[in-house]
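All remarks here apply to the structure that follows.
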Amino acid sequence: MAESTSQEIIAQALGGSNEAIRFLVVQNQAFAYSVAYRFLGNSEDAEDIVQEAFIRLWKNLHKYNPEVKLTTWLYRIIANLCLDFLKSAYGRQRKNTVDVHPAVHHSIGSDELIQSNELNRWIQEAASGLTPKQKAVFILRDLEDLSVEEVCGILSMSAGNVKSNLYYARKQMSEKLKKYYQTSDKIRTI
Amino acid sequence: MNCSAFEKRIYLYRELTLAERKITDDHLSDCESCRAMAALLVQQQERIEKAKSIKPVINDPERLMRRIVATAARKDQPESQFDGIKSLLDHLFVRYAFSAISLLLITFLYIETHYEDRLRGVAKVEIRQGTILNTSNFIKMHLKSRQSKEKTVSISRYSYHRSERSTKTL
């Protein structure tokens, strides 16, 4: 299964192969969770979104366009689900509930890991002050490293609109990060 | 271009074209405050890069996998007739349509009851007038007057013919 191309796996999944569907989930769930978590800052909500995203992917697999990458399609599903969630009354209520998440990264030392984890959590908190669209653009462009064209495709926005949202998001994040470093430097000096 | 116009370009430096970058770089080499802002942004971008290298991981990937497969299997089952109706009613358009129909029905019922009240009011007046006028008497009087009118006409006609004949004989 691992040797098959994604097109072949999709074809097998369309044919009703449970193994192919399982493989698609296993292959993409980590990445899907990472994106959803960055949007929502909460592991429970992120898991719910990932579950719904794969169900939608499964249901609409027959509409899949082979010219588009599967990950791009999954990005679109997750981004739309997260935006709907953030715009919903429940999502607005959950906006500030950022949980401390256990992240694993083997290439850096434990002190650095703690610092990076702390910064990551703080970025989540700072991003919760952005509008859903600004947040989406910031996550996809700055945290997921997608190109402007890809962001445009995923969010169905014009390049101008993406850049405008990105400008406001970066400006707000920069102001908040500046405050964060000022306070953390003060704590260190004490 | 002044510094405020360059602010947006500094924030969107990665998205600029080569020509735009050149113009911005030229301004940065001349303007100290913009250079300081750009330096701060670069520093923050480096911090974000470091933070983003840590990917959030699922607590229990196998459990999530089981949840997805179980939900998909449940949703894959054929829907009952009731589920079909329920999902149809769940559409926003259907909800709005039902609301509009309900509103129309309420308006129609309101108008209808008020119109009937008005009709009943007229009927009441008619009945009251009828009892006072005593319709049967009225009809009798009307018939009498008609009959008397007809008699007068015939008499007048007779008198007219008689007078005409008398003039002719003269």
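Order of the sequence lines sets the chain letters (A, B, ...), proteins ahead of strands, with each chain counted from 1. In this text the structure is predicted, and so the values were computed from the model without any measurement.
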Original post:
Between P56(B) and Y33(A), what is the shortest heavy-atom contact and its length?
Top reply: O-CD2, 3.8 Å
Subject >> Minimum-distance pair of heavy atoms, taken over all atoms of R38(A) and K55(B) >> reply: NH1-NZ, 3.9 Å
**OP:** Considering only heavy atoms and a distance below 4.5 Å, find which of D145(A), V26(A), I21(A) pairs most often with chain B.
**Re:** D145(A)
Is there a path of hydrophobic side-chain contacts, each under 4.5 Å between heavy atoms of I, L, V, M, F, W or Y residues, that connects [X] with [Y]?
X: L40(B); Y: L28(B); answer: no
X: M157(A); Y: Y75(A); answer: yes
X: V148(A); Y: L130(A); answer: yes
X: L16(B); Y: V151(A); answer: no
X: L83(A); Y: V162(A); answer: yes

Original post:
Counting only heavy atoms not in Y13(B), do more than 12 fall under 6.0 Å of its OH?
Top reply: yes
**OP:** Identify which part of L177(A) has an atom lying under 4.5 Å from any heavy atom of chain B, answering side chain, backbone, both or neither.
**Re:** both
Does the side chain of [X] reach to within under 4.5 Å of the side chain of [Y], using non-hydrogen atoms?
X: I68(B); Y: Q29(A); value: yes
X: Q44(B); Y: K178(A); value: yes
X: R14(B); Y: D142(A); value: yes
X: R67(B); Y: D48(A); value: yes
X: E7(B); Y: K171(A); value: yes
X: R170(A); Y: L12(B); value: yes

Region of [X] in contact with chain A, defined by heavy-atom distances below 4.5 Å:
X: I10(B); value: neither
X: R66(B); value: neither
X: Q45(B); value: side chain

Would you give the length of the straight line joining atom [atom1] of [X] to atom [atom2] of [Y], rounded to the nearest 0.5 angstrom?
X: L41(B); Y: S174(A); atom1: CG; atom2: OG; answer: 5.0 Å
X: R9(B); Y: Y167(A); atom1: CZ; atom2: OH; answer: 13.0 Å
X: F54(A); Y: L64(B); atom1: CZ; atom2: CG; answer: 8.0 Å

